[in-house]
Undergrad: 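Once you've had a glance at the structure underneath, I'll fire off some questions.
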Amino acid sequence: MRTVIGSLIALVITMIAATGAWAQSYQIQPGDALQVEVLEDPTLNRTILVLPDGSINFPLAGSIRAAGQSTNGLSSALSSALASNFNTPPTVFISVASLAPPPLLGGQAASGPTIDVFIMGEVNVPGKHLATEGTTILQVLAQAGGLTNFAARKRIELRRADSKTGVMRKYTYNYKGSGGGIQGNTVLRPGDVVVVPARRLFE
């Protein structure tokens with residue numbers, strides 16, 4: 001019995017070591033979702049998406065090159081970028097929450113036709129999202145991991161190009177559900193851009 005338990009413990013330790021080695025050697029790719037934790041300021045903790053150009057956008061730090069770096073390397077880079085906002089450079093931990101999904105064959109998922117929509121600003125996973133036809137603005141915000149603590153929930157924007165003129169039209173959506181503007185059940189169209197601005201000081 002002790003031999004079996006000892007073997008299981010050894011196996012678990014080996015698996016943990018192998019996972020740690022993989023995480024240290026893995027090079028971040030566009031489309032990966034990263035879990036970021038800032039020890040000194042938990043309000044900055046979030047899941048972020050590596051954008052198609054290989055960069056990430058992070059509050060107080062701006063745009064940082066992520067693709068091609070290890071999680072440890074990106075942790076150091078983000079700590080340096082955030083340093084001016086702290087008395088000492090913060091302790092940043094980054095892990096891979098999920099890998100970039102493989103490209104879909106034929107542009108369709110098993111659940112049906114899909115469209116490209118884009119989400120910018122204060123959501124947990126910004127970037128380009130593949131959504132099933134019929135997806136609403138509320139559903140795509142959920143698909144993007146929800147709103148961050150910095151989001152201006154009453155001033156979310158849907159930007160849509162007019163099919164005839166090409167002019168970008170702007171529609172306002174109040175996540176709290178009151179006031180004018182479009183509703184949460186508004187169905188998205190291909191190429192729609194959802195912008196979630198940061199809230200103002202006393203908003």
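Values below: all heavy atoms of this structure, side chains included; hydrogens, waters and symmetry mates excluded.
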Undergrad: Do the side chain of Thr132 and the main chain of Thr135 share a donor and acceptor less than 3.5 angstrom apart?
TA: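 The answer is no, because no donor-acceptor pair under 3.5 Å joins these two groups.
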Undergrad: Give a yes or no on whether Met120 and Ile156 share a hydrophobic cluster (residues Ile, Leu, Val, Met, Phe, Trp, Tyr; joining criterion: side-chain heavy atoms under 4.5 Å apart).
TA: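 No, Met120 does not connect to Ile156 through the hydrophobic network.
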Undergrad: Measure the shortest side-chain to side-chain distance between Arg159 and Val195 over non-hydrogen atoms and say whether it is less than 4.5 angstrom.
TA: yes
Undergrad: With a 3.5 Å distance limit and no angle check, can you tell me whether Gln143 reaches the backbone of Leu130 through a side-chain donor-acceptor pair?
TA: yes
Undergrad: Please confirm whether the backbone N or O of Ser76 pairs with a side-chain atom of Ser80, one donor and one acceptor, at under 3.5 Å?
TA: yes
Undergrad: Less than 4.5 Å apart, any side-chain heavy atom of Leu147 and any of Arg153?
TA: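 They are in contact (side-chain heavy atoms under 4.5 Å apart), so the answer is yes.
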Undergrad: Short question: side chain of Ser79, backbone of Ser75 - any donor-acceptor pair under 3.5 Å?
TA: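 No, the answer is negative, given that no donor and acceptor are paired below the 3.5 Å cut-off.
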Undergrad: Does any part of the side chain of Val96, heavy atoms only, come nearer than 4.5 Å to the side chain of Thr71, both counted from C-beta?
TA: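 Touching, per the 4.5 Å side-chain cut-off.
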Undergrad: Between Ser55 (side chain only) and Leu51 (backbone N and O only), is there a donor and an acceptor less than 3.5 Å apart?
TA: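 Between the backbone of Leu51 and the side chain of Ser55 there is no qualifying donor-acceptor contact (under 3.5 Å).
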Undergrad: In the single-linkage hydrophobic clustering (I, L, V, M, F, W, Y; side-chain heavy atoms under 4.5 Å), do Ile28 and Val92 co-cluster?
TA: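 The answer is yes; both residues are in one hydrophobic cluster.
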Undergrad: Could you tell me whether Glu122 and Arg155 have a side-chain N and a carboxylate O separated by less than 4.0 Å?
TA: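 The answer is no: the pair does not qualify as a salt bridge.
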Undergrad: Would you name the heavy atoms of Ala61 and Ala81 that are closest together and state the gap between them?
TA: CB-CB, 3.8 Å
Undergrad: For the residue pair Phe93 and Leu78, establish whether any side-chain heavy-atom pair is separated by less than 4.5 Å.
TA: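 Phe93 does not reach Leu78 side chain to side chain.
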Undergrad: Are Asp41 and Thr43 close enough that a side-chain donor and a side-chain acceptor fall under 3.5 Å?
TA: yes
Undergrad: Taking the side chain as everything from C-beta on, heavy atoms only, tell me whether Val194 gets closer than 4.5 Å to Leu158.
TA: yes
Undergrad: Is the count of non-hydrogen atoms from other residues, nucleotides or ligands lying under 6.0 Å from Asn87 atom CG greater than 12?
TA: no
Undergrad: With rounding to the nearest 0.5 Å, note down the distance linking OG in Ser63 to CD1 in Ile56.
TA: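 If we round to the nearest 0.5 Å, Ser63:OG and Ile56:CD1 are 8.0 Å apart.
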Undergrad: Do Glu157 and Thr172 meet the criterion of a side-chain donor-acceptor pair at a distance under 3.5 Å?
TA: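 Absent: no donor and acceptor within the cut-off.
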Undergrad: Please find the pair of heavy atoms, one from Leu44 and one from Pro59, that lie closest to each other, and give the distance.
TA: CD2-CB, 4.1 Å
Undergrad: Establish, from distance only, whether the side-chain atoms of Asp32 and Tyr26 form a donor-acceptor pair under 3.5 Å.
TA: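 A pair is found: one side chain offers a donor N or O, the other an acceptor, under 3.5 Å apart.
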Undergrad: Would you say Leu138 and Tyr175 make side-chain contact, with heavy atoms under 4.5 Å?
TA: yes
Undergrad: Backbone N or O of Val38 within a donor-acceptor pair of the Asn45 side chain at under 3.5 Å?
TA: yes
Undergrad: Taking C-beta and beyond as the side chain, do Gln27 and Gln69 meet within less than 4.5 Å on heavy atoms?
TA: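 Gln27 vs Gln69: side chains apart.
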Undergrad: Check the hydrophobic clustering (I, L, V, M, F, W, Y; side-chain heavy atoms under 4.5 Å; chains of links allowed) and say if Leu74 and Phe86 are grouped together.
TA: yes
Undergrad: Please report the shortest heavy-atom distance between Val36 and Ile94, naming the atom on each side.
TA: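 For Val36 and Ile94, the tightest heavy-atom pair comes out as CG2-CG1, 4.1 Å.
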Undergrad: To the nearest 0.5 angstrom, please state how far the CD1 atom of Ile137 sits from the CD atom of Gln183.
TA: 10.5 Å
Undergrad: If you look at every heavy atom in Val187 and Gly134, which pair is closest and at what distance?
TA: CG1-CA, 3.8 Å
Undergrad: Using side chain to side chain contact (heavy atoms under 4.5 Å, CB included), reason through Asn57 and Ile48 one step at a time and then give a plain yes or no.
TA: CA-CA 8 Å; Asn57 290 313; Ile48 55 175; over 6 Å; no
Undergrad: Under the side chain to side chain contact (heavy atoms under 4.5 Å, CB included) criterion, do Phe58 and Leu82 qualify, and how do the steps go?
TA: CA-CA 9 Å; Phe58 199 81; Leu82 291 170; 4.1 Å; yes
Undergrad: Could you report the tightest heavy-atom contact between Val117 and Ala131, atom names first, then the distance?
TA: CG2-CB, 4.2 Å
Undergrad: To the closest 0.5 Å, what do you measure between CZ (Phe118) and NE2 (His129)?
TA: 10.5 Å
Undergrad: Would you check, one step at a time, whether the test side chain to side chain donor-acceptor pair (under 3.5 Å) holds for Glu40 with Thr91?
TA: CA-CA 7 Å; Glu40 288 78 4; Thr91 306; 3.2 Å; yes
Undergrad: Run the numbers on Arg160 and Arg189 for side chain to side chain contact (heavy atoms under 4.5 Å, CB included), then give the verdict.
TA: CA-CA 8 Å; Arg160 174 177 292 168; Arg189 298 177 185 173; 3.5 Å; yes
Undergrad: Spell out, as yes or no, whether a donor-acceptor pair under 3.5 Å connects the side chain of Arg46 to the backbone of Asn149.
TA: no
Undergrad: Indicate if Val196 and Ile182 have the same hydrophobic cluster label, given that clusters are the connected sets of ILVMFWY residues with side-chain heavy-atom separations under 4.5 angstrom.
TA: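 Hydrophobic grouping puts Val196 with Ile182.
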Undergrad: Flag yes if Ile119 and Ile115 sit in one hydrophobic cluster, no otherwise; membership is Ile, Leu, Val, Met, Phe, Trp, Tyr, and two members link when side-chain heavy atoms are under 4.5 Å apart.
TA: yes
